[in-house]
Amino acid sequence: MAEPLLQVRGLRKRFGGLVATDGIDLDVAAGETLAVIGPNGAGKTTLLAQLAGDLRPDAGTIRFAGADVTALPAAARSHRGLARSFQITSIFRDFSTLDNVALAVQAHAGHSFRFWRPAHAERALREPARAILEQVGLGARGEVPAGTLAHGEQRQLEIAMALATRPTLLLLDEPVAGMGLEESVRMVELLRGLRGRHTIVLVEHDMDAVFALADRISVVVYGRVIASGRPEAIRANPEVRRAYLGEEVSA
Amino acid sequence: MTWLLVVEQMLNGLQFGVMLFLVAAGLTLVFGIMNLVNLAHGSLYMLGAYLAVAFLKWTGSFAASVVLALLATLVIGMLVEVVALRTLYERDHLDQVLATFGLILFFNEAVAIVWGRAALFATVPSALGGFVEILPRLRYPVYRGVIILVGLAVALLLYVIVTHTRLGMLIRAGASNRTMVAALGVNIRLLYTVVFGFGAALAALGGLMAGPIYTVQPGMGEELLIEVLVVIVIGGIGSIRGALIGAIVVGMVDTLGRAFLKPMLATIISPTAADSAGPALASMLIYILMAAVLYFRPQGLFPAVRNG
Amino acid sequence: MTPRRRAVSLLAALGALAAIPLVAALVNEPFYLDLFRRIMIFAIAAVSLDIILGYGGMVSLGHAAYLGIGAYAVAIPALHGIHSAWVQWPLAIVLSGLAGLVIGAISLRTSGVYFIMITLAFAQMLYYVGISIEPWGGDDGMRLTRKSQLGGPLDLADPHVFYYVVLALLAVLLLVGDRVIDARFGTVIRAVKSNERRLAAIGLSPFRYKLAAFALAGAVCGLAGALLTNQTEYLTPSYMHWTRSGDIMVMVILGGMGTLGGPVLGAAAFLLLENVLSAWTVHWQAILGPLLVLVVLYARGGLWSLLPGGARRG
């Protein structure tokens, strides 16, 4: 059996007296969608930050695409094929929507030590960017300053920027956070379309989204994985119900 | 180069360090708790020196001039905080840099208007004049010794306040997480004003003690400010302990470097080359030290701010 | 401001500057030539600071260090009989760029308050080094024995030729800068200011680009230093004093940061103000100080934002 695309072993991270990640092991096979769920404060975002390269773990290893990336900074991981979206929208607010995506394309289209030709004149950057905006449903909003987009549209832009870097692995931090019902449904449809073509690690609270998208689910409580398996199994797992799901999920 | 000379220079280094500490303590708290880049802190040091000279002339009593200078600078400090600095807490660092830079221009010129640009003479009070024999054949100026003692006493006082009083607890909490402290219902505005005033008084103390040793002139604050910033960077923002250790280290390295680097170099290279290279290298020492500390610990040696 | 508007405004400013010598001749005040040449030299320095400050968001309080390095790169060779501008000026640019690279490599590992203080500290360190080296003037500085020689009809001793040489350099800088802003590099630098974390996430290392911008800004400022010492025929370590860095920063803010043309306006405003105020009183800094505080608190966009279509974005 092939090595998993993402392999995490013994990940540990503490902030002073608080242990955020307490020895996490994870395997994500190529093409699968893994959802990471857990109560608030369980350490999910910290986990994602370590996977993305924003945070250095105190101990443990992260292997991606067959190589040890534990010490690699975020920008380098992006070039290995890892992309992420942020829980709290993090975009270039004063740039236009199209410029946001075009910059992501630019980052993977050679170096940026070019000083003369306007970037917005480079069709090799604009065309793919436009296509991705269409894909996520923002095709009509390209010229708008990103900071003026509606909340839901900004979340879509987050996905677009991640896709623009042509990743093999997508790390998505609560993609439907703060969205209304209609917007969430649209986002889930978008993400469903990405399944299989990309490997996805999805941190989410919205259970509808989780059960609609996940091949497997890992439950994180107090920085540890207490259960991992197929959605039906997780649903039925008594420990998980006790720790997290409680009465939220109809049996 | 006798051992007695080395000891004497070490004491000078300690004395300089203690003065750096007095100015650094207030500044590091302002950085750490209020997240305010206050370049004008050196102006408070300068005001302390000038006011002490002025009050001495007015009252004739050294003790009175010290108390009055401290009080006056405390008041001026708090006034500046309320009038000019309050609006800057919300602003970004660039705005703070520019505004406090404007304050420096103003204070330096104001001082020149009142007292002129020429350096003022501040004399060591006769009670503290003379030398004391601390080691056989080593006579050290009493005044400098007093500075060291005062500085260390202030450090001890600050330690007690910070660790054993409610105010100190608020200061430590504020340095660590100011939003939380505000959320707990503490009167943040008052805390800020008090902290700022306190820091101003400490700087003034440094200034008035420095008067008789260094020159009292417009711009004297800025010369010291740079070294104070090095102290804070090395010690860690928001940390009084870091300020003390950083200050003593910087004071020692700087003083010993200036005293001994040139003669040491002269044994290796020609005396004329050492004449330039010595002082040049000596003035670079503390910055090289700062760069080295930053390489291994970018947050300084004892940073108080955990999250950020 | 749209790129087209910006280009037009820049051309207008350059046109106005080109006309100054004619005006000066008309009113028979050669002093204006001197003054505006000084303005243009500081405009070059201010524009170079705007690259990292206005566009890149890096608050560097040590920019004057490069003025000094550039100046010494002219004066020291001159001391040894090397007067060719074609040696001195490239030397100024290269040395300043290298200094920017070294200082940036250390300083950019930090951010926020630390960064401000470290850039300040390094500049001041260079200032103290300058003071201590006696053969190069030490505290008193040194005279420039002879202006840089460009060769042929370009004799800098002629005030008009010197004026137009500086104007040409400023024009080239603005032209190139105008292109760089919209090129890949400029876009990345603007993104650094906007959201550094996002930039890293999409695969661009902020440090690398910040460092490059830092070094470039230093190099350009070095050229300004070379021109400055030709202008004053003198050079002191005080060119590198941190208060000089503060002055340049004031010019950028006064004129409008992140606008390329703003720093030019700011340099003009600052130096003209200095001229006017110091005629009134020798204590003009006591007026400039509070004025600066007020501008910072209430007029952040600077002068450039007062031009039609010049309102600051975001």
Side-chain angles (χ1 to χ4, degrees), chain A residues 48-49 52-54 72-86 88-96 99-122 125 145-148 157-158 160-167 171 173, chain C residues 1-4 6-7 51 54-57 101 108-109 172-217 219-220 257-260 311-314:
Chain A
L48 215 61
D54 276 349
L72 224 54
R77 293 191 202 195
S78 174
H79 284 277
R80 295 280 183 107
L82 202 132
R84 66 150 333 160
S85 75
F86 289 85
I88 300 177
T89 309
S90 180
I91 54 181
F92 303 112
R93 309 192 81 86
D94 4 294
F95 285 34
S96 75
D99 283 340
N100 265 267
V101 183
L103 187 55
V105 176
Q106 176 183 322
H108 290 255
H111 66 80
S112 285
F113 286 104
R114 312 246 175 112
F115 299 89
W116 192 259
R117 193 157 166 237
H120 55 74
E122 285 193 56
L125 302 179
T148 63
L157 180 56
E158 282 270 343
M161 289 175 80
L163 289 175
T165 61
R166 309 225 241 157
L171 296 170
D173 201 345
Chain C
M1 193 177 260
T2 63
R4 195 186 166 76
R6 182 176 68 219
I51 297 172
Y55 288 100
L101 205 64
L108 288 169
R109 291 166 57 85
V172 167
L173 176 63
L174 291 174
L175 171 69
V176 172
D178 194 55
R179 300 290 300 198
V180 171
I181 291 172
D182 291 322
R184 284 201 181 197
F185 185 76
T187 309
V188 174
I189 294 300
R190 284 183 289 128
V192 162
K193 184 181 182 188
S194 177
N195 191 337
E196 219 176 290
R197 195 170 62 142
R198 203 2 133 177
L199 196 66
I202 57 175
L204 287 163
S205 159
F207 179 78
R208 198 176 295 171
Y209 290 95
K210 277 163 60 170
L211 184 58
F214 204 79
L216 279 171
V220 173
M257 66 177 201
T259 61
L260 200 66
R312 237 160 71 92
R313 48 168 176 203

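Computed from heavy atoms alone, side chains included, the values below leave out hydrogens, waters and symmetry copies. In the text below, chain A, chain B and the rest are named by the order of the sequence lines, each starting its count at 1.
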- Query: With only heavy atoms counted, which part of Ala146(A) is less than 4.5 Å from chain C, the side chain, the backbone, both or neither?
  - Reply: neither

- Query: So what's closer than 4.5 Å to chain C heavy atoms on Glu122(A): side chain, backbone, both or neither?
  - Reply: side chain

- Item | Atom pair CZ/CG of Arg184(C) and Leu125(A) - distance to nearest 0.5 Å | 5.0 Å

- Closest non-hydrogen atom pair between Met161(A) and Ile202(C), with its separation: CE-CG2, 4.3 Å

- For chain C, the option from Arg80(A), Arg93(A), His111(A) that forms the most heavy-atom pairs under 4.5 Å: His111(A)

- Close side-chain approach of Phe95(A) and Arg190(C), heavy atoms under 4.5 Å: yes

- Item | Check against side chain to side chain contact (heavy atoms under 4.5 Å, CB included), Leu103(A) and Val188(C) | CA-CA 8 Å; Leu103(A) 187 55; Val188(C) 174; 4.3 Å; yes

- Closest non-hydrogen atoms of Ala200(C) and Ser78(A), given as atom of the first, atom of the second and distance, are O-CB, 4.5 Å

- Query: So which of Ala107(A), Gly147(A), Ser90(A) has the biggest tally of heavy-atom pairs under 4.5 Å with chain C?
  - Reply: Ser90(A)

- What one should report as the nearest heavy-atom pair of Ile91(A) and Ser194(C) is O-OG, 4.5 Å

- Message: Can you confirm whether Arg114(A) is buried at CZ, in the sense that more than 12 heavy atoms of other residues, nucleotides or ligands lie under 6.0 Å from that atom?
- Response: yes

- Item | Least distance between heavy atoms, Phe115(A) atom then Leu216(C) atom | CE2-CD1, 3.9 Å

- If you draw a 6.0 Å radius around CZ in Arg208(C), do more than 12 non-hydrogen atoms from other residues or ligands fall strictly inside? no

- Message: Under a 4.5 Å cutoff for heavy-atom pairs, which residue among Arg117(A), His108(A), Gln106(A) has the most contacts with chain C?
- Response: Gln106(A)

- Note on the structure: Scored by heavy-atom pairs under 4.5 Å with chain C, the best of Ala83(A), Pro118(A), Ala52(A), Ala76(A) is Pro118(A)

- Item | Engaged part of Arg84(A) at the chain C interface, taking heavy atoms whose separation is under 4.5 Å | both

- What part of Asp54(A) is in contact with chain C, defined as an atom under 4.5 angstrom from a non-hydrogen atom: side chain, backbone, both or neither? side chain

- Item | Minimum heavy-atom distance between Thr187(C) and Ala119(A), given as atom pair plus value | OG1-CB, 3.8 Å

- Of all heavy-atom pairs linking Ser85(A) and Arg198(C), the shortest is CA-NH2, 4.1 Å

